[in-house]
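Here's the structure, in structure tokens; my notes come after.
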Protein chains: 2
Amino acid sequence: MSRPLAHPAAAAVTLAGLLFALADPVRLAIVRELLRSPAGLNCTEARARLGLAMPKSTCSQHYRILRESGLIASERRGTELVSHVRAQVLTERFPGLLESVFGAYERECQPAGRRRASRAAAVG
Amino acid sequence: MSRPLAHPAAAAVTLAGLLFALADPVRLAIVRELLRSPAGLNCTEARARLGLAMPKSTCSQHYRILRESGLIASERRGTELVSHVRAQVLTERFPGLLESVFGAYERECQPAGRRRASRAAAVG
DNA sequence: TATAAAGTTCACAAAGATTGAACTACGGAA
DNA sequence: TTCCGTAGTTCAATCTTTGTGAACTTTATA
């Protein structure tokens, strides 16, 4: 990881790639933490915040997938690799998508009592 | 497949599950076709429309994943299994998400010339 | 230089995807 | 009813992807 990390150009970011990157609960949680941390977060810190007993090699792989999908950008600061969400690029490419997905995530994270009860499980 | 197919209740539909189901290019395309077909589509028809040389067992698996994620509902009509997007349930659970994702998909499917050119590949 | 911290890469085991073949379900014709 | 064709599912084998510990690289500091 000596040279600058490869980040896909905006035009190379695909919807399926983004959805794939976000389709993992751990990565979804990481990105939420990143969105809450404008200054960026490194691997170790993200792991600590999420309280996940995850080996650092696994975390590294998750970060790589997020990076290659175009979701995050990473830069070295000292020994750390600090990452942040590429909000500008994503907004340009797919306006509103990120807000929508993480709006849904916040909604899901709310305890059930804070939402309107929806008892009927109508199919359709 | 004699008994009614299992469809998750609205409350059991998770964001990560939906994203996972949509994270595959084939499934993304299938769901778009379904969204365009209010009367529903069966496996064979969807395969034909997408022009994919995909074995029917593979298509069946994709439909199963879509069904188990809560994205689609399927019902038997004669020998066919007709499926449609569970728009009402999804809107109730995650308002705006489906529109946002498939808005992004349509945007991506447009030829590049119809979008504003974005030459600079700024990271971030 | 030596030591430590932060990540990456490698290699292997475990889990998941793809697909042809065999099977089930249904409808229609004889 | 029985037989046949169509639509999908399930099974099993193969292939691919993911998770992980160990070893390695990079940077900083004593």
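Each chain gets a letter, A, B and so on, in the order the sequences are listed, and its residues count up from 1. All figures in this text were calculated on a predicted structure; none of them were measured in a lab.
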Starting at atom [atom1] of [X], determine the distance to atom [atom2] of [N], rounded to an integer number of angstrom.
{"X": "Arg76(A)", "N": "dA5(C)", "atom1": "CZ", "atom2": "P", "result": "16 Å"}
{"X": "Arg77(B)", "N": "dA7(D)", "atom1": "CZ", "atom2": "C1'", "result": "14 Å"}
{"X": "Leu81(A)", "N": "dT26(D)", "atom1": "CG", "atom2": "C1'", "result": "11 Å"}
{"X": "Tyr63(B)", "N": "dT18(C)", "atom1": "OH", "atom2": "C1'", "result": "18 Å"}
{"X": "Arg47(A)", "N": "dT8(C)", "atom1": "CZ", "atom2": "C1'", "result": "13 Å"}
{"X": "Asp24(B)", "N": "dT18(C)", "atom1": "CG", "atom2": "P", "result": "6 Å"}
{"X": "Lys56(A)", "N": "dT26(D)", "atom1": "NZ", "atom2": "P", "result": "15 Å"}
{"X": "Ile65(B)", "N": "dG8(D)", "atom1": "CD1", "atom2": "C1'", "result": "16 Å"}

Kindly indicate whether the side chain of Val89(B), heavy atoms from C-beta on, has any atom under 4.5 Å from the side chain of His7(B). no

Test side-chain contact (heavy atoms from CB on, under 4.5 Å) applied to Arg47(A) and Lys56(A), Glu33(A), His62(A), the passing residue: Lys56(A)

Of Met54(B) and Leu41(A), whose nearest nucleotide on DNA chain C comes first from the 5' end? Leu41(A)

Take Ser57(A) and Glu80(A), find for each the nucleotide of DNA chain C with the closest heavy atom, and name the residue whose nucleotide sits nearer the 5' end. Glu80(A)

Shortest side-chain distance from [X], nucleotide among [options]:
{"X": "Cys43(A)", "options": "dG19(D), dA25(C), dG7(C)", "result": "dG7(C)"}
{"X": "Phe20(A)", "options": "dT18(D), dA7(D), dT9(C)", "result": "dT18(D)"}
{"X": "Pro55(B)", "options": "dG20(C), dC11(D), dG8(D)", "result": "dG20(C)"}

Taking for each residue the nucleotide of DNA chain D with the nearest heavy atom, is it Gln61(B) or Cys59(A) whose nucleotide lies nearer the 5' end? Gln61(B)

Would you tell me if any nitrogen or oxygen in the side chain of [X] comes within less than 4.0 Å of OP1 or OP2 on [N]?
{"X": "Thr44(B)", "N": "dG8(D)", "answer": "yes"}
{"X": "Arg27(B)", "N": "dA17(C)", "answer": "no"}
{"X": "Thr58(B)", "N": "dT19(C)", "answer": "yes"}
{"X": "Arg64(B)", "N": "dT18(C)", "answer": "no"}
{"X": "Ser60(A)", "N": "dT9(C)", "answer": "no"}

What verdict does the side-chain contact (heavy atoms from CB on, under 4.5 Å) test give for Leu71(B) and Arg27(B), after you've listed the backbone C-alpha separation in whole Å, the side-chain angles of each residue and the deciding distance to 0.1 Å? CA-CA 11 Å; Leu71(B) 254 170; Arg27(B) 291 197 290 269; over 6 Å; no

Can a donor-acceptor pair under 3.5 Å be found between the side-chain atoms of Thr79(B) and the base atoms of dG27(C)? no

I'd like to know whether Ile65(B) forms a side-chain contact (heavy atoms from CB on, under 4.5 Å) with Asp24(B), so could you lay out the CA-CA distance, the side-chain angles of the two residues, the decisive distance to 0.1 Å, and finally the verdict. CA-CA 11 Å; Ile65(B) 288 171; Asp24(B) 181 282; over 6 Å; no

Is there a donor in the side chain of Arg107(A) and an acceptor in the side chain of Gln110(A), or the other way round, less than 3.5 Å apart? no

